[in-house]
Amino acid sequence: MENSFEAKGLRSHYIANLSLDDVGERVAICGWVARVREHGEHLVFVDVRDRTGLVQVVAHSSVDLRSEYVVQVNGLVSRRPVGTENPALATGEIELVETEIEILSPADPIPFSVQDRSEVDEATRLRFRYLDLRRDRMQENLRMRAKINSAIRASMERQGFTEIETPLLWTPTPEGAREFVVPSRLHPGLTYVLPQSPQIAKQLLMVAGFDRYYQIARCLRDEDLRADRQFEFTQLDLEASFVTQRDIMSFISDAVIAASAAAGISVDHEIGEITWRDSMDKYGVDKPDLRYGNELIDVTQVFSETSVRALSAPCLKALVAPYPSHLSRSKLDDLVDRAKGLGAKGLLWLRVVSDTDGVRLDSPVSKFLTDQESKDLIAATGVSEGDVILIVGDEWAKACQVLGQLRIDLAKSEADPRAYKFVWVVDFPLFEGVDEDGRLISAHHPFTMPNEEDFPKLDTDPLSVRSQSYDLVLNGWELGSGSIRIHRRDIQSKIFSLLGIGSEEANNRFGFLLEAFKYGAPPHGGFAFGIDRLAALLVGEENIREVIAFPKTQSGSDLMTGAPKEVENKVWDLLGLSVRPQKKDLS
RNA sequence: GGACCUGUGGUGCAGCUUGGAGUGCACGUCGGCCUGUCAAGCCGAAGGUCGCGGGUUCAAAUCCCGUCAGGUCCGCCA
């Protein structure tokens, strides 16, 4: 615990600063009553806690102290009597005696114990968040997050980045995430929106010549919440000019390595890379968890001549199940259901068993497989007795996705929680598909620069065009993404036309950016990664709520404040708005 | 919009499968005893619309339907 700063005001010392060196000195400490142990009116032990630690206070008269009372204690630092030291406590060799205890603020019995380590119902924690935050877990998490922030800032400063704030009241740019709308009072009927990210603002800063910009920025998206998604979240947002993708990746690597070090975690200084295509092929996801292996294996060729319907597919992917001993027949049936739930037509399992004739495959389709197919499958997957092979046949992407999810389902609980495997995923496709009107859909955003080698394919085979975009992944979580941006108007026009965005629409939505690009736009690119996610992973939490002081529930409520709440009609009147009755009010 | 899990004194859990008196455990709270504890100990007490509504039944915490809240996930998150 850091406590090198000076104690001021009502206290002479922070608790963690008290030690045997202070024996004989009268001190004043302030904090909360953690526990009271009363041995009759002549001997009472009071544990007092502050932000730095906990110390035992001894009183020789009855005290009216209860848990979580706020107190100031004046007392003499004293070595504990021999045999009563508590090695479990940092201050366990000393105690405060000859004490005067002043109650600064009494406390009602609290809804759940601040001292207890037991899990408390999520709703209760959130309703009394200020008490939850008093607990060690949240104190440690938020202090660690602050250190991570600090390390990131230091890294950015070291690399010559300038911190610049951008507006929270921004302009609607309808695309991508749903935006939070902020009605204008001075212009009834018109709105601002809260930014999904400072994307366009930071590109304008490049046009402005700031060259290297960063910000620890709040981003807001009105989309459904998840364990790793809140309405509002914080990103390290950066943008730089006259640089390549490699340069951006190096800036970010420096920042996340520094952040990890601040959290006491050392990681490889060379963060590995994988192409998007390879990641999908091997792991079935674009955010691979490299803490465990079990890569997917392409077995399309093995069954090219098959008569088995389930194996007649454009692509066959196989997964050798990790921990196959966990897979009973009913578990295998569950996996088949899971695969179907993920959109597969089915899932084929084959157990590798041995009998007098050697190794063979036991499966619902065994008798339909030729000896050659069995032999080739065993060779292709490298399995031996006891293994279980799972096969999905479908289009390439679907087969990969389904087995990729099964790989996670089967191995995740066995992953080393102390391992931290960063990886860059590069060469994403520029377009992720085609919408119902036949227009291409941006995989990242419409300002992403195509890979220059693939320019010729923009007209002939746009879906195969790679982009100069890159994601940073840690233990299967997407931390963030970035790209080199388009700064040339001819390329931008080309992309807009492929996306089916007419010049009028483009001007309407991004006119101010396109206009800015007329006046000397440097080549530039950037990145943003989620600090909530990084902090959660680095402190070993599985939900970003654990590193956010005042988060929302999955349904977007704040159980402490009651938000969102109704407002009086005069508030709507002022904004020139009115509220329609909800469906359920009409029935 | 959808799937699944959870909801039982202030807190954490058991009870639900197979209906039979609000039954149990731990913590906390309140009172008493206690001069070296540190998750103090001992004795005693209080504290419950079993989330809410409806249904089935002689009888519902338990079975059924609906609903609300929390969580995990799918959709969604350029």
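Throughout, a chain's letter reflects where its sequence line sits, starting with A, and its residues are numbered from 1.
Nucleotide B:G70 holds its P atom 15 Å from the CZ atom of A:Phe128, rounded to whole Å. Counting to the nearest Å, the C1' atom of B:G7 and the CG atom of A:Leu126 are 16 Å from each other. Atoms CG (A:Leu225) and P (B:G71) sit 9 Å apart, rounded to a whole Å. Following rounding to the nearest Å, A:Gln554 (CD) and B:U6 (P) show an atom-to-atom distance of 16 Å. Residue A:Lys552 contributes atom NZ, which lies 18 Å from atom C1' of B:G71 at whole-angstrom precision. Going from atom CD1 of A:Ile544 over to atom P of B:U72 covers 10 Å, rounded to whole Å. For the pair A:Arg221 CZ and B:G75 C1', the computed distance is 17 Å after rounding to whole Å. One interatomic measurement links the two molecules: CG of A:Asp222 to P of B:G75, which rounds to 18 Å at whole-angstrom precision.
A distance-only check finds no donor-acceptor pair linking the side chain of A:Thr124 to the backbone of A:Val120 [under 3.5 Å].
At B:G36, none of the side-chain N or O atoms of A:Asn86 fall inside 4.0 Å of OP1 or OP2 (strictly under the cut-off). In this structure, A:Arg37 reaches the B:A40 phosphate: one of its side-chain N or O atoms is under 4.0 Å from OP1 or OP2. Between A:Arg338 and B:C4 there is no side-chain N or O to OP1 or OP2 distance below 4.0 Å. A:Arg35 has a side-chain polar atom (N or O) that falls below the 4.0 Å cut-off from OP1 or OP2 of B:A40.
Contact check on A:Arg135 versus A:Glu140 returns no salt bridge, with no Lys/Arg side-chain nitrogen under 4.0 Å from an Asp/Glu carboxylate oxygen. A salt bridge between A:Arg221 and A:Glu179 is absent, with no side-chain N of the basic residue lying under 4.0 Å from a carboxylate O of the acidic one. Using a 4.0 Å cut-off between a side-chain N of Lys or Arg and a carboxylate O of Asp or Glu, A:Arg533 and A:Glu478 do not qualify as a salt bridge. With respect to the salt-bridge test (charged N to carboxylate O, under 4.0 angstrom), the residues A:Arg407 and A:Asp289 do not qualify. We find that A:Glu95 and A:Arg79 are not joined by a salt bridge, their nearest charged nitrogen and carboxylate oxygen being 4.0 Å or further apart.
Comparing B:G71, B:U29, B:C73 by their closest approach to the side chain of A:Thr553 singles out B:G71. Set against B:G71, B:C73, B:C38, the side chain of A:Arg226 has B:C73 as its closest nucleotide. Counting only heavy atoms from C-beta on, A:Asn543 has its side chain closest to B:U72 among B:G71, B:U72, B:U29.
Taking atom C1' on both B:G53 and B:G10, the two are 26 Å apart, rounded to the nearest angstrom. Here the separation of B:G41 from B:U57, taken at their C1' atoms, is 50 Å to the nearest Å. Between B:U8 and B:U23, the two C1' atoms lie 12 Å apart (nearest whole Å). Taking atom P in both B:G32 and B:A14, the straight-line distance is 35 Å, to the nearest Å. Look at the P atom in both B:G54 and B:A61: the space between them is 14 Å, to the nearest Å.
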Detail all sub-3.5 Å separations between protein N/O atoms and N/O atoms belonging to nucleotides 30-35 of chain B.
| unit_1 | atom_1 | unit_2 | atom_2 | d |
| --- | --- | --- | --- | --- |
| B:C30 | OP1 | A:Arg66 | NH1 | 2.1 |
| B:C34 | N3 | A:Glu38 | O | 3.2 |
| B:C34 | N3 | A:Gly40 | N | 2.9 |
| B:C34 | N4 | A:Gly40 | N | 3.2 |
| B:U35 | OP2 | A:His39 | O | 3.4 |

Distances under 3.5 Å between nitrogen or oxygen atoms of protein and nucleotides 10-16 of chain B:
| unit_1 | atom_1 | unit_2 | atom_2 | d |
| --- | --- | --- | --- | --- |
| B:G10 | O2' | A:Pro111 | O | 2.7 |
| B:U11 | O4' | A:Pro111 | O | 3.3 |
| B:G12 | OP1 | A:Asp121 | N | 2.6 |

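Among the heavy atoms of the strands lying under 4.0 Å from A:Arg545 are primed sugar atoms or P, OP1, OP2 only; no base atom is included. Using a 4.0 Å heavy-atom criterion, one finds that A:Ser555 contacts the sugar-phosphate atoms exclusively. At the heavy-atom level, A:Ala88 lies nowhere under 4.0 Å from the strands shown. Among the atoms of the strands shown, none is found under 4.0 Å from any heavy atom of A:Leu342. Residue A:Glu85 is in base contact, counting any heavy-atom pair closer than 4.0 Å across all strands shown. Among the heavy atoms of the strands lying under 4.0 Å from A:Glu95 is at least one base atom, whether or not backbone atoms are also near.
No more than 12 heavy atoms of other residues, nucleotides or ligands sit less than 6.0 Å from atom CD of A:Glu395. Heavy-atom neighbours of A:Phe128 CZ from other residues, nucleotides or ligands within 6.0 Å: above the threshold of 12. Applying the 6.0 Å contact sphere to CD of A:Glu542 captures no more than 12 heavy atoms from other residues, nucleotides or ligands. Atom CZ of A:Arg291 sits in a crowded spot, with more than 12 heavy atoms from other residues, nucleotides or ligands closer than 6.0 Å.
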